[in-house]
Amino acid sequence: MDDASKSNFVLQQGFRDATVSECGVRYPALMFQPRVIGVVVLAGLLLQAWPLFLVLSAVLWWNVAFPRWSPFDALYNRLIAAPRNLPRLPPAPAPRRFAQGMAGAFALGIAASLFLGWSAAAYVLEGFMVVALSALIFGRFCLGSYIFLLLKGDRTFASRTLPWAGRPDAGASQSPRASA
């Protein structure tokens, strides 16, 4: 995938004023959280451990409620950004928080299903979570952020942030509503 898909991902996450060069730096920072979550989900799938999904849900909901105190962003900022003199990851904008909330809801649903012994429901929810995480990590497409943009009425902008679309603003920082 090319740099346009990285830029589209950053814009889709809610960083609408990011320039092409900023997107190049911000993209790996934004991918830190999904990759960590991917490892946790993989462990949860292998162990079928409801407490793991419950903790993941709680952390994701914490990120939604208190974006300035996101443990994922704090880890990235301390372990990766600071030692390398990279820009710190700011608190998550609304599209990213919405996506975190969706992931938290799925993790809670998986935890509850496993706890209650509802294997079929757990497998279905796990399947949805794996598909969404795979699209995010390997395809640079965040389903939660995309749904947020659609619900906010930014259909044109949302479509232009798809990984296979060209960069939505071709380097200009304009509001998607202004171009619609």
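- Proximity of Phe98 to Leu151: side-chain heavy atoms (C-beta onward) are separated by under 4.5 Å at one or more points.
- Side chains of Cys23 and Lys6 form no contact here, defined as non-hydrogen atoms less than 4.5 Å apart.
- Atom CZ of Phe128 has 12 or fewer heavy atoms from other residues, nucleotides or ligands within 6.0 Å.
- Between Asp73 and Pro90, the closest heavy-atom pair is OD2-O, 3.7 Å.
- In terms of hydrophobic clustering, with Ile, Leu, Val, Met, Phe, Trp and Tyr side chains grouped at heavy-atom distances under 4.5 Å, Leu79 and Val59 are assigned to a common cluster.
- Linking ILVMFWY side-chain heavy atoms closer than 4.5 Å, directly or via other members, places Leu45 and Val36 in a single hydrophobic cluster.
- At a threshold of 4.5 Å between non-hydrogen side-chain atoms, the residues Arg96 and Phe148 do not count as touching.
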Next on the checklist: Could you go through Leu86 and Tyr76, starting from their C-alpha distance and side-chain angles, then the distance that decides it, and tell me whether this counts as side chain to side chain contact (heavy atoms under 4.5 Å, CB included)?
Outcome noted: CA-CA 10 Å; Leu86 296 171; Tyr76 173 82; 3.8 Å; yes
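- Gln100 has its side chain within reach of Gln33: a pair of non-hydrogen atoms, C-beta onward, lies under 4.5 Å apart.
- The shortest non-hydrogen separation linking Ala18 to Val10 is CB-CG1, 4.1 Å.
- The shortest non-hydrogen separation linking Trp61 to Gly101 is CZ2-O, 3.3 Å.
- A donor-acceptor pair under 3.5 Å is formed between the side chain of Trp62 and the backbone N or O of Trp69.
- In terms of heavy atoms, Pro87 sits closest to Ala81 at O-CB, 3.8 Å.
- Looking at Ser159, its side chain does come within 3.5 Å of a backbone N or O of Arg155 through a donor-acceptor pair.
- Using a 4.5 Å heavy-atom cutoff, the side chains of Ile37 and Phe72 are in contact.
- Looking only at distances, no side-chain donor or acceptor of Ser70 sits under 3.5 Å from a matching main-chain atom of Pro67.
- Figure legend: Arg140 and Tyr27 shown as a cation-pi pair, the cationic atom lying under 6.0 angstrom from the six-membered ring centre and within 45 degrees of its axis.
- Minimum heavy-atom separation, Cys142 to Leu136: CB-CD1, 3.7 Å.
- For the pair Leu114 and Glu126, the tightest heavy-atom approach, listed with the atom from each and the gap, is CD1-OE2, 4.0 Å.
- Contact of the Phe9 side chain with the Ser5 side chain is not registered, since no non-hydrogen atoms from C-beta on lie closer than 4.5 Å.
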Next on the checklist: Please evaluate residues Leu30 and Phe15 with respect to the criterion side chain to side chain contact (heavy atoms under 4.5 Å, CB included), reporting the C-alpha separation (whole Å), side-chain torsions for both, the decisive distance (0.1 Å), and the verdict.
Outcome noted: CA-CA 11 Å; Leu30 293 172; Phe15 297 96; 3.6 Å; yes
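- In the hydrophobic cluster analysis, where Ile, Leu, Val, Met, Phe, Trp and Tyr join through side-chain heavy atoms closer than 4.5 angstrom, Ile110 is grouped together with Ile137.
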